[in-house]
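Here's the structure, in structure tokens; my notes come after.
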Amino acid sequence: QVQLVESGGGLVQAGDSLTLSCAASGRTFSGYAMGWFRQAPGKEREFVAAISWSGGNTNYGDSVKGRFTISRENAKNTVYLQMNSLKPEDTAVYYCAARPSYDRGKYYRSASEYYYWGQGTQVTVSS
């Protein structure tokens, strides 16, 4: 079992930056691939970013590519999402997700591939 706790959300203005953190506990973090997803009111959950357990491979959703960066510190059991040039359409609840992975270089884009989820953190971007 892995417990995930997101933090760092808040209210910002368009063009601002924000960094989300996801702290993991319960298992060996380095063996888990991680992902960030988001869900806006009335919309389906959307893939944002993913990172392999080694940290060597990352992948991004089209809507955030070039603006968001996912990273991880295995020694701190934490994954981050650096969000730059925020837009009002980035407003959503952001969720951290984890799954065990035997492939150190593999990332996962589909929500259905993840086993564990955090409770989410709200990000609101005003225009």
Side-chain angles (χ1 to χ4, degrees):
Q1 190 77 7
V2 173
Q3 292 79 42
L4 304 172
V5 179
E6 302 97 335
S7 62
L11 172 63
V12 297
Q13 293 187 331
D16 285 352
S17 297
L18 202 60
T19 299
L20 304 183
S21 299
C22 173
S25 61
R27 288 288 184 136
T28 304
F29 180 69
S30 61
Y32 282 75
M34 304 295 294
W36 284 98
F37 293 79
R38 67 186 183 186
Q39 189 164 20
K43 295 189 176 181
E44 294 188 352
R45 192 164 293 193
E46 176 189 12
F47 168 71
V48 175
I51 189 167
S52 61
W53 73 253
S54 70
N57 290 327
T58 59
N59 191 258
Y60 298 91
D62 289 342
S63 61
V64 306
K65 202 172 295 183
R67 298 187 299 123
F68 290 12
T69 302
I70 188 171
S71 62
R72 65 189 294 161
E73 286 189 80
N74 288 344
K76 294 185 177 180
N77 288 1
T78 303
V79 63
Y80 305 96
L81 185 68
Q82 172 68 43
M83 305 185 293
N84 297 328
S85 303
L86 283 161
K87 305 175 182 179
E89 50 264 44
D90 293 320
T91 295
V93 177
Y94 283 71
Y95 297 92
C96 173
R99 64 153 291 150
S101 178
Y102 295 104
D103 185 339
R104 62 183 290 119
K106 188 172 177 62
Y107 53 77
Y108 301 85
R109 290 174 53 94
S110 174
S112 63
E113 295 182 287
Y114 286 88
Y115 295 13
Y116 305 105
W117 292 83
Q119 293 300 306
T121 185
Q122 176 71 46
V123 172
T124 303
V125 184
S126 64
S127 57

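Keep in mind that this is a model prediction, so the values were computed, not measured.
The heavy-atom pair separating Gln122 from Ala92 by the smallest distance is NE2-O, 3.4 Å. Residues Ile70 and Ala50 come closest through the heavy atom pair CG2-O, 3.6 Å. Looking at every heavy atom in both residues, Arg72 comes nearest to Ser52 through NH1-O, 3.0 Å. Shown here for Asn74 and Ser30, the closest heavy-atom pair between the two residues is ND2-CB, 3.7 Å.
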### Task
Step by step, work out the side chain to side chain contact (heavy atoms under 4.5 Å, CB included) result for Gln39 and Glu46.
CA-CA 6 Å; Gln39 189 164 20; Glu46 176 189 12; over 6 Å; no

### Task
Test side chain to side chain contact (heavy atoms under 4.5 Å, CB included) on Glu6 and Ser21 and set out the steps.
CA-CA 6 Å; Glu6 302 97 335; Ser21 299; over 6 Å; no

### Message
Show, in sequence, the C-alpha distance, side-chain angles and deciding distance for Ser127 and Lys87, and conclude whether the side chain to side chain contact (heavy atoms under 4.5 Å, CB included) test is met.
### Response
CA-CA 7 Å; Ser127 57; Lys87 305 175 182 179; over 6 Å; no

### Task
Could you check Thr69 against Met83 for side chain to side chain contact (heavy atoms under 4.5 Å, CB included), going step by step and ending with a plain yes or no?
CA-CA 7 Å; Thr69 302; Met83 305 185 293; over 6 Å; no

### Task
Please step through side-chain hydrogen bond (donor to acceptor under 3.5 Å, both in side chains) for the pair Thr19 and Gln82, ending with a clear verdict.
CA-CA 4 Å; Thr19 299; Gln82 172 68 43; 2.4 Å; yes

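The environment of NZ in Lys65 is crowded: more than 12 heavy-atom neighbours from other residues, nucleotides or ligands sit within 6.0 Å. Other residues, nucleotides and ligands contribute only 12 or fewer heavy atoms inside 6.0 Å of the CD atom of Gln119.
Looking at Thr91, Val93, Leu20, Asp90 one by one, the single match for side-chain contact (heavy atoms from CB on, under 4.5 Å) with Val123 turns out to be Leu20. Considering Tyr107, Phe47, Phe37 in turn, Phe37 is the only one that fulfils the ring-ring contact (aromatic ring centres under 6.0 Å, His included) rule with Tyr114.
Cation-pi geometry between Lys106 and Tyr108 is met: under 6.0 angstrom from the ring centre, within 45 degrees of the axis. In this structure, Arg38 fails the cation-pi test against Tyr95, since its NZ or CZ atom is not both closer than 6.0 Å to the six-membered ring centre and inside 45 degrees of the ring normal.
In this structure, Thr121 contributes its side chain and Gly9 its backbone to a donor-acceptor pair below 3.5 Å. Not a single donor-acceptor pair under 3.5 Å links the side chain of Thr124 to the backbone N or O of Leu11. The closest donor-acceptor contact from the side chain of Thr78 to the backbone of Lys76 lies under 3.5 Å. Remark: the backbone N or O of Asn77 is not paired with any side-chain donor or acceptor of Glu73 at under 3.5 angstrom. Put simply, the side chain of Trp53 gets close to the backbone of Ser101: a donor and an acceptor are under 3.5 Å apart.
Cluster membership check: Tyr60 shares its hydrophobic cluster with Leu18, using side-chain heavy-atom separations under 4.5 Å among Ile, Leu, Val, Met, Phe, Trp and Tyr. Val48 and Tyr80 fall into different hydrophobic clusters, where Ile, Leu, Val, Met, Phe, Trp and Tyr are joined by side-chain heavy atoms under 4.5 Å apart, directly or via other members. Connection of Leu81 to Trp117 is not established within any shared hydrophobic cluster, with ILVMFWY side chains joined at heavy-atom distances below 4.5 Å, either directly or through further cluster members. Both Val2 and Val79 belong to a single network of hydrophobic side chains, linked directly or stepwise wherever heavy atoms of I, L, V, M, F, W or Y lie under 4.5 Å apart. Both Tyr115 and Tyr32 belong to a single network of hydrophobic side chains, linked directly or stepwise wherever heavy atoms of I, L, V, M, F, W or Y lie under 4.5 Å apart.
In this structure, Ser110 OG and Arg99 CZ are separated by 10.0 Å, a value rounded to the nearest 0.5 Å.
Taking the six-membered ring for Trp and thresholds of 30 and 60 degrees, Tyr94 and Phe68 have ring planes inclined between 30 and 60 degrees apart.
Considering only heavy atoms from C-beta on, Gln1 comes within 4.5 Å of Tyr116 through its side chain.
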